[in-house]
Each structure stands twice: as structure tokens, then as C-alpha cells.
Amino acid sequence: MAYVLRAAAAEAPGLFSRLQSSVPTLRAFFTSQPLHQVADPLWNLGRLNHVAIAVPDLEKAATFYRNVLGAQVSEAVPLPDHGVSVIFVNLGNTKIELLHPLGSDSPIAGFLQKNKTGGMHHICIEVDNINAAAMDLKKKNIRSLSEEAKIGAHGKPVIFLHPKDCGGVLVELEQA
């Protein structure tokens, strides 16, 4: 590895020194940031709860995570209020949520029409006060996809934030 780095440094003398000089800056950034930043005195952002992946074949996806990767995989749970069936893949520190449409009116059906092989649908981050978070974000002109929180797959209130206001990512907030 050292030989490869030296060879790269010889070919691009300024690049290697720029890479070396940026490491302390990145390390300082990551070590100086608190784990929970206060968004507003009334609510705090928590941990990543899950990454949701829309899949065209729920059982095939579950089999991959269970039999190929050796993950702990839940049974499929239909959520008619959200128009999806879900399976959770436990990763220890977080989860993957496999989403499959439950009926043709499902938002996941529309997603899969555009993305035939599936793909990342949203990320879910916990908050300690979902109602305060929703009100604060609305004041900051962050749109949500519903007027108020709904009960999500974990039986807790959730709200989805518009991807155009969140860097192109659909963000779900879940009451911790």
C-alpha cells in the first residue's frame, strides 16, 4: 500500500500532500461535532433508525439478506394505511426496511414503475419530539408530505419531509 501511495505521489506531487493536509481537518470536524445537535430547544435529532429500500420482489430480497448475508430478517408485515408490506433487516446498530407495494395505489408502486429493479426510497431518523420537530421545520419552510404525523411501521408517529427540501432525499422522522 505504501508503494502505491508513493507511486501516486510521484505522479501527482501536489495531490498527495493535499490529501495528507486534509486528514487533520476532517478528523477535527468529526471529533468536534456532538452526536445530538439541538435543532430547536423543543426537539433533538436522534440516531439513524433505518434505510428503506423499495424492492420488486419482497421474498427474494428477504432471502438475500437472510441466506446470503446472514442477517436477522423479520416476517413481512402488511401496512394498509401506508400501502406497503415491510420486512426489517436487523443490522445491530440500525435496520434496513424492505418495502413492497400493497396494491396499485401504493406510493412504492409508483417508485418501482420508475425504478424497475428497486432502490433506496428513504432514510428514517429518530427525533425526541415529533410534533415540535414538525412545527419547527414548517417554520423553516421544510415541507412535509402530510399535515400531521401518522403511525408508522414501528407503531410510532412518523412524518415524511419533502425530498426537494432535503437535498433530494425523502426523509422520514420517527418519534424515538
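We're numbering straight along the sequence, starting at 1.
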How long is the gap from CG on Asn93 to CG on Leu48, to the nearest 0.5 Å? 8.0 Å
His154 and Asn49: CA distance, side-chain angles, deciding distance, side chain to side chain contact (heavy atoms under 4.5 Å, CB included) verdict: CA-CA 10 Å; His154 297 117; Asn49 183 282; 3.1 Å; yes
Side-chain touch His100/Glu59, heavy atoms, less than 4.5 angstrom: no
Ignoring hydrogens and geometry, is there a side-chain-to-backbone donor-acceptor pair from Arg47 to Thr94 under 3.5 Å? no
Could you tell me if His50 and Glu172 have a donor-acceptor pair between their side chains, going purely by distance under 3.5 Å? yes
Is the closest side-chain heavy-atom distance between Ile151 and Asp81 below 4.5 Å? no
Test item: Pro163 and Val169 side chains (from C-beta on) under 4.5 Å apart, heavy atoms: no
Counting only heavy atoms not in Asn67 (residues, nucleotides, ligands), do more than 12 fall under 6.0 Å from its CG? yes
Would Met120 end up clustered with Leu98 when hydrophobic side chains under 4.5 Å apart are linked, directly or stepwise? no
Which atoms form the tightest heavy-atom contact between Lys116 and Gln113, and what is the distance? NZ-O, 3.1 Å
Determine the minimum heavy-atom distance between Asp128 and Trp43, stating which atoms define it. OD1-CA, 3.3 Å
Please check: side-chain N/O of Asp136 versus main-chain N/O of Ala132, any donor-acceptor pairing under 3.5 Å? no
Gln175 to Ile130 - nearest heavy-atom pair and separation: OE1-N, 2.8 Å
Do Leu99 and His122 have side chains that get closer than 4.5 Å, going by heavy atoms? yes
When Leu69, Val89, Asp57 are each screened for side-chain contact (heavy atoms from CB on, under 4.5 Å) with Phe64, the one that passes is Leu69
List the steps, then state whether side chain to side chain contact (heavy atoms under 4.5 Å, CB included) holds for Lys60 with Val55. CA-CA 9 Å; Lys60 181 178 179 182; Val55 297; over 6 Å; no
How far apart are the closest heavy atoms of Ile142 and Cys166, and which atoms are they? CG2-SG, 4.4 Å
Just by distance, do the side chain of Asn115 and the backbone of Thr117 share a donor-acceptor pair under 3.5 Å? no
Is Leu145 reachable from Leu173 through a run of hydrophobic residues whose side-chain heavy atoms are each under 4.5 Å from the next? no
Interatomic spacing from CZ in Arg66 to CD1 in Ile87 - rounded to 0.5 Å: 7.0 Å
Would a single hydrophobic cluster contain both Val127 and Val158, if residues Ile, Leu, Val, Met, Phe, Trp and Tyr are joined by side-chain heavy-atom contacts under 4.5 Å? no
Any chance CD of Gln72 has more than 12 other-residue heavy atoms, nucleotides or ligands included, within less than 6.0 Å? no
Are Ile53 and Val84 connected in a single hydrophobic cluster, I mean Ile/Leu/Val/Met/Phe/Trp/Tyr linked by side-chain heavy atoms less than 4.5 Å apart? no
Could you pull out the closest heavy-atom pair between Gly103 and Ala109, with the gap in Å? O-CB, 4.0 Å
Closer than 3.5 angstrom, by distance alone: can the side chain of Ser85 be matched with the main-chain N or O of Ala76 as a donor-acceptor pair? no
Look at the side-chain heavy atoms of Ile, Leu, Val, Met, Phe, Trp and Tyr, link any pair under 4.5 Å apart, and say whether Ile96 and Leu58 land in one connected group. yes
At their closest point, which heavy atom of Leu102 faces which heavy atom of Ser106, and how far apart are they? N-CB, 3.9 Å
